[in-house]
Amino acid sequence: MRPMGSNNHILVLDHEPVWLKALKSTLEGAGLAVTTAASATEALKLLRDRRFAVAMVGIDRDGFDWERFLERAKARASACKLIVVSHQDSPATVGRALELGADSYVVKRVEPEDLVFAVRQSLSPAVYQVSSQPARRRQRAPQQALTSREQEILGLLAEGCSNAEIAERLSIKEATVKGHLWRLYRKIGVGSRTAAVSWASASRSSGPS
């Protein structure tokens with residue numbers, strides 16, 4: 001697969017070996033060059049000595065001062081995009097990560113293609129920038145901006161369908177589903193299927209009665 005952009009080198013810091021291995025395989029399968037680090041010290045040294053487009057940082061280790069790490073990473077490599085990855089999804093944690101300079105925040109229960117999408121968002125100069133405001137206060141893209149097929153797919157996402165199931169339901173190829181999701185995510189300003197479902201739910205609740 002052709003690499004994405006002139007600098008597609010990704011640094012991944014995570015303290016969970018199985019997740020680290022799976023994430024490396026997923027990103028490399030998308031055409032990205034990946035270097036892994038198992039400690040904050042190693043990651044900061046790599047950021048000092050080499051140029052990375054994105055640093056993906058797992059924050060779920062007891063005793064890991066991830067807030068301090070993000071501050072140091074930004075100071076050491078200001079041009080490097082930061083993606084925080086965690087099992088946590090509390091608004092306070094997400095908001096704090098964004099305040100410290102994270103370009104996006106991804107919950108670990110997302111599907112592999114969502115992780116690739118988060119990297120693509122960070123590498124693209126024309127993507128939606130994540131706000132540190134709570135989701136309910138963000139300005140939402142109008143539902144009318146979506147095509148009828150995108151609205152169908154959004155509805156199936158809300159039902160919990162996988163990409164393969166959506167493809168079967170709509171009699172299209174799974175690769176076509178991924179393409180629709182890429183455009184859908186960009187239109188509504190989200191980075192994962194979980195966030196898309198939340199957006200759809202919020203849009204329905206805030207729509208005209």
Side-chain angles (χ1 to χ4, degrees), residues 9-30 32 34-47 52-78 80-124 127-138 157 160 162 181 185 188-199 201-202:
H9 203 165
I10 312 302
L11 173 64
V12 181
L13 166 64
D14 202 281
H15 304 96
E16 299 179 11
V18 174
W19 167 264
L20 191 62
K21 182 178 179 180
L23 181 55
K24 184 175 188 291
S25 177
T26 296
L27 295 176
E28 288 180 338
L32 296 160
V34 180
T35 295
T36 61
S39 72
T41 300
E42 181 185 4
L44 289 170
K45 184 177 184 300
L46 286 165
L47 286 171
F52 294 92
V54 176
M56 187 173 285
V57 183
I59 64 173
D60 296 318
R61 188 188 73 170
D62 290 341
F64 176 37
D65 188 353
W66 61 268
E67 296 184 28
R68 174 63 175 155
F69 176 85
L70 292 185
E71 291 177 334
R72 294 180 69 187
K74 269 296 183 185
R76 190 157 296 189
S78 59
C80 181
K81 303 292 186 179
L82 290 178
I83 299 176
V84 171
V85 185
S86 175
H87 292 294
Q88 305 177 57
D89 60 359
S90 71
T93 302
V94 175
R96 181 58 178 154
L98 297 175
E99 286 174 4
L100 290 170
D103 294 277
S104 58
Y105 188 106
V106 181
V107 181
K108 282 188 174 180
R109 61 176 174 268
V110 300
E111 294 195 2
E113 59 264 29
D114 290 328
L115 292 166
V116 175
F117 178 85
V119 173
R120 284 191 174 121
Q121 272 198 319
S122 296
L123 291 175
S124 171
V127 299
Y128 176 88
Q129 296 299 310
V130 179
S131 167
S132 60
Q133 294 178 321
R136 66 178 178 274
R137 294 179 60 189
R138 295 182 193 149
L157 281 184
S162 66
L181 286 174
Y185 290 174
I188 66 177
V190 301
S192 72
R193 64 201 306 117
T194 303
V197 170
S198 296
W199 182 93
S201 176

Discussion item. If I take atom CD1 from residue Ile10 and atom CG from residue Leu32, how far apart are they, to the nearest 0.5 angstrom?
Written reply: 5.0 Å

Discussion item. Please enumerate all residues that pass side-chain contact (heavy atoms from CB on, under 4.5 Å) together with Ala196, with sequence neighbours excluded.
Written reply: Leu154, Leu157, Tyr185, Ile188, Val190

Item to complete: Grab the two heavy atoms, one from Leu46 and one from Phe52, that are nearest each other, plus how far apart they are.
Response: O-CE1, 3.5 Å

Enumerate, atom names and distances included, each donor-acceptor pair closer than 3.5 Å involving a side-chain atom of residues 68-75, sequence neighbours excluded.
none

Worksheet entry | Partners passing salt bridge (Lys or Arg N to Asp or Glu O under 4.0 Å) against Glu16 (at least two apart in sequence or in another chain) | Lys108

Worksheet item: Is it true that a side-chain atom of Asp103 and a backbone atom of Leu82 form a donor plus acceptor pair closer than 3.5 Å?
Response: yes

Discussion item. Please report the interatomic distance CE(Met56) to CG(Leu13), rounded to the nearest 0.5 Å.
Written reply: 11.5 Å

Discussion item. My understanding is that only residues two or more places apart in sequence, or in another chain, count here; which of them pass side-chain contact (heavy atoms from CB on, under 4.5 Å) with Ala77?
Written reply: Leu47, Cys80

Fill in: Check: Ser201 side chain, Val197 main-chain N or O, donor-acceptor pair, under 3.5 Å
no

Discussion item. If the condition is side-chain contact (heavy atoms from CB on, under 4.5 Å), which residues does Leu20 pass it with, not counting sequence neighbours?
Written reply: Val12, Asp14, Thr36

Worksheet entry | side-chain contact (heavy atoms from CB on, under 4.5 Å) involving Gln88 - partner list, sequence neighbours excluded | Ile59, Asp60, Ser86, Thr93, Tyr105

Output a table of donor-acceptor pairs, distance under 3.5 Å, between side-chain atoms of residues 38-45 and any protein atom two or more places apart or on a different chain; print 'none' if there are none.
{"residue": "Ser39", "atom": "OG", "partner": "Glu42", "partner atom": "N", "Å": "3.1"}
{"residue": "Glu42", "atom": "OE1", "partner": "Ala38", "partner atom": "N", "Å": "3.2"}
{"residue": "Lys45", "atom": "NZ", "partner": "Asp49", "partner atom": "OD2", "Å": "3.0"}

